[in-house]
Amino acid sequence: MQSRRWFGGAGFSFADDPVTETLSQAIRGTGEELDREPDTGVLFGSLRGSVVGLRYYTGVVNKGEMVSLVRQPQNPYDRNAVMVANVYGSQVGHIKRELAVLLANIMDNNLARVEGVVPFGVTNQFTMSVVLSFWGREENRDAVVRQITSRSFKLQSGPTGTHTHTHTLTQLKNAFDNLFENLMDDKIGEREAVEAVCTPLLPHQKQALSWMCACENNAALPHFWEVKGELFYNTLTHSSVRERPRRVRGGILADDMGLGKTLTTIALILSNFHHGKPLSSAWISECPVSELCLYMSLKNPEGKCVCSDISGACSSLTNVDSALSLSLSLALSRSGKSGDGDQAEVSVAPAGHSPFSPVEAASSQSTDDPAARATLIICPLSVLSNWLDQLDQHVRADVKLNVYLYYGSERNRDTHFLSSQHMVLTTYNVLSADYSGSASPLHTVRWLRVVLDEGHIIRNPNTQQSKAVLKLNTQRRWILTGTPIQNNLRDLWMLVAFLRLKPFDVREWWNRVIQRPVTQGDKTGLQNLQALVKCVTLRRTKTSRVCGRPLVSLPERSVRIEEVELTQKEREEYELARTEGRTTISRYVAEGTVLRNYADVLAILVRLRQFCCHPGLLGKTTTHTGVVAVTPAELRERLIMKLRLVLGTGSDEECAVCLDSVRLPVITHCAHVYCRPCIAEVIRSEQEQARCPLCRGQIKASELVEFPLEEEEEEESNLLENWRSSSKVEALMSSLLRLRSEDDSIRSLVVSQFTRFLTILEIPLREEGFKFVRLDGTMSQKRRAQVIQEFQSDAPGSPLIMLLSLKAGGVGINLSAASRVFLMDPAWNPAAEDQCVDRCHRLGQKRDVVITKFIVKGSVEENMVKIQRQKQDLVEKAFGTKNPSERKTSRVDEIRALMEL
DNA sequence: ACCGCCGGGTGCC
DNA sequence: ACCGCCGGGTGCC
């Protein structure tokens, strides 16, 4: 599976290689000052200095130990003070005064990052040597050298570390791509779920459960640590600590979607439910089912529906059927009964299957708060209802489990109440909203376990969500993701930080020990990374095999491309637009301003792609592209209009700050689109100097232009009255009609990136009497759940067709009722297409899945496909190593290839 | 004796 | 610190 983020995976990435991530990232890559913590850079050289004040340090310093240098501008004795800290940040000593002046200067002016390695360890009680190396951007080299020599220090050139074998970029890329593959250790056993789980686990789920329990209870030393005498020694940083380093209690469950991560996690929570004690039969309540699970189960102690206002969960829960069968006492009470389980007998897990004893192992971790018992599940809103459904489905009806949905304005913020639950479910948004306020309840509770569902959501450490997640207080930590990060090493850090994989949860150690070595092709760096990932991750794909047998058997899936010929009239219109676009773009190419005018370029490309689908997609705003704007204000206005056009089609844009789909989009005066909260944060933190993350143009809060999300609608009648078909519409309709005549039980997904195209398609579908539903990004959570349920239902008269916008709803939606997929327009990002297809090609699919891609012959669509193919062959473009100017060139080349210039 | 020299006290920043 | 530095004690050899 791929997990890259694209600049509008639905439409606007010009690249499709694992290297150049997105257009926005590529452009961002040209201005490295954007990286607040640049993790790359060149080595300027190193010099020997001395560390004083060692007498105040009680620890040991080893030969070769890595230390970090911390500026202390507030130091009362010297405002230039530079502290030397060990791997955990504890003070080892200080840089001697004269040298500190120099370092302070370099560090405060951001001329270089300074790293320390202790060459001999401690030789006496008072001082020791340290080798300082200076890393930074090439253009700062002179300034750094000048600083150093002017203070009569001497910079030794060249790398100080030993040379290790380096990989070629291809080897590196392959190794990195495989980071998350084959992580299944055959040695892990199987573990049965406790009886409270009423769904029998599949073998691979039992393995996952066994592995997860082992991860939570294993008291062995974490990787890279060894016992050395009285101390614990880290083999990577060469540091020793007195206190036993704790193993991560948790990990990353990165199974492909559809393999049952939710079920396995539920089984984990119930099995090893508290303090190492599984949920036993004592937990199966004496309360009659009827008392537990009627409507009241949806209410909080004040008697209000806990999920009344927005929740998509509500749609499934307020449904009487599911409420009746819901066996969970959601937020029932805070009365003492809930404590019973603490005294419950250890039971259920069949002896012999599990290689460890949960109780003993867990209790050996002495610093845990024994009172912690609640598991906090954080997920995107779109899958909240899935958790509730799954609990409903998989937990035995007579088990009394306190599950609280922490969502909505009426949510109960009482921390004692929350702590007393068995499970609390919430969303990333609620978490970060709480976090930004004062005294966040979720951050006050001492959790037993925190589970991040769709954990790749927090791959960017700069977002509020990520910061909020890192601050949670919990003993055990899990990340569930079906799309582990593949292409960007930096994304991995966030996962490592959440898991508190010491010392890599601190950026500097991650950068020095893992990220920089790996990106520079260092073999040991890569080995270390592989080991690191391997010891915390379990990943199986749909094609994984256990003992030669497939994990799960899925029906076949085949793709066929159907070429569409334009009619004479369509061809003429298309060619006109194409010629116009070429003129404009070739001018930009000649001027070398393609990237500066990219809003314009995007608009031209999207227009051509719309022509390929249906002329009705173009909207009325588009007039001409050839006219040269006179004033800068006019130019800006025009660019803004174009972006409105682009966004208005329903295409998905990526915010360059959070790397997610834009929410609450705003447009800067330089015509770049961001989430309002994201860009507001940039402006707040950079104040007057705030610059556009994409083009480095000045930005001001007052100049942000709102983007109106919905405007159209009225024109559906307009479309109907002046109805005109298109070649692509006809191609689809004839396929659908043929299919219906052959087998009217087959259901289809009709997928487009352009929501308006979906609207257009409704007309002929209605005309031909097809029953269909529609799912797109503008729909409320509640409505989505309804639509999915309707489509999945096998009741007579349920819809045969679902109109689906490419990225609607994100991952995790189950559309297994469909076995045909029609991809109406090519996406820049094949991963987005794959994900879309995966919604029906998943567990539960009974038929072979046939995917049809419509491509207009002799059009930009063909070129898109061609470029994608070419890129897949260009393996040597390994991640992150390409320099920005090369990237820019290839980007421009792609645009030229698309326009045949 | 407004110096040099000796030796004890002292010590990160 | 088996140093350097400071400041008090001391004073031909």
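Computed over heavy atoms, backbone and side chain alike; hydrogens, waters and symmetry mates excluded. Note on naming: letters A, B, ... go to the chains in the order of the sequence lines (proteins, then strands), and numbering restarts at 1 for each one.
- Donor-acceptor pairing under 3.5 Å is lacking for the side chains of A/Thr427 and A/Asn429.
- Judged by the 6.0 Å and 45° rule, A/Arg516 forms a cation-pi pair with A/Trp135.
- Shown here, C/dC13 forms no base pair; nothing in the strands shown gives a Watson-Crick or G-U wobble contact with both key distances under 3.5 Å.
- For the side-chain hydrogen bond (donor to acceptor under 3.5 Å, both in side chains) with A/Gln515, the lone residue among A/Trp493, A/Trp510, A/Trp509 that qualifies is A/Trp510.
- Distance A/Asn124 CG to C/dC3 P: 12 Å, rounded to the nearest Å.
- For B/dA1, the glycosidic angle deviates from 0 by 90° or less, giving a syn base.
- When rounded to the nearest whole Å, the span between CZ of A/Arg55 and P of B/dT10 equals 12 Å.
- Of the side-chain N and O atoms in A/Arg97, none sit less than 4.0 angstrom from OP1 or OP2 of B/dC12.
- Atom pair A/Gln125:CD and B/dT10:P shows a separation of 16 Å (rounding to whole Å applied).
- Ranking C/dA1, B/dC12, B/dC13 by closeness to the A/Tyr56 side chain, first place goes to B/dC12.
- Between the CG atom of A/Leu69 and the C1' atom of B/dC12 there is a distance of 15 Å, given to the nearest Å.
- Between A/Lys96 atom NZ and B/dC13 atom P the separation is 6 Å, expressed in whole Å.
- Remark: the A/Asp78 side chain and the B/dC13 base include no donor-acceptor N/O pair separated by less than 3.5 Å.
- Taking atom CG of A/Leu99 as the reference point, atom C1' of B/dC12 lies 13 Å away to the nearest angstrom.
- Taking atom C1' on both nucleotides, B/dC2 is separated from C/dC13 by 25 Å, rounded to a whole Å.
- Here the P atom of nucleotide B/dC13 and the OH atom of A/Tyr57 are 19 Å apart, to the nearest Å.
- In this structure, A/Lys467 places its NZ atom where more than 12 heavy-atom neighbours from other residues, nucleotides or ligands lie under 6.0 Å away.
- Aromatic stacking of A/Phe126 on B/dG11: not satisfied for centres closer than 5.5 Å together with planes under 30 degrees.
- A/Ser240 and A/Asn62 are linked by a side-chain donor-acceptor pair at a separation below 3.5 angstrom, with hydrogens and angles left out of the test.
- Summarising the geometry, the separation between OH on A/Tyr77 and P on B/dG11 is reported as 12 Å, rounded to the nearest angstrom.
- Within 4.0 Å (heavy atoms only), A/Ile95 reaches sugar-phosphate atoms of the nucleic acid but no base atom.
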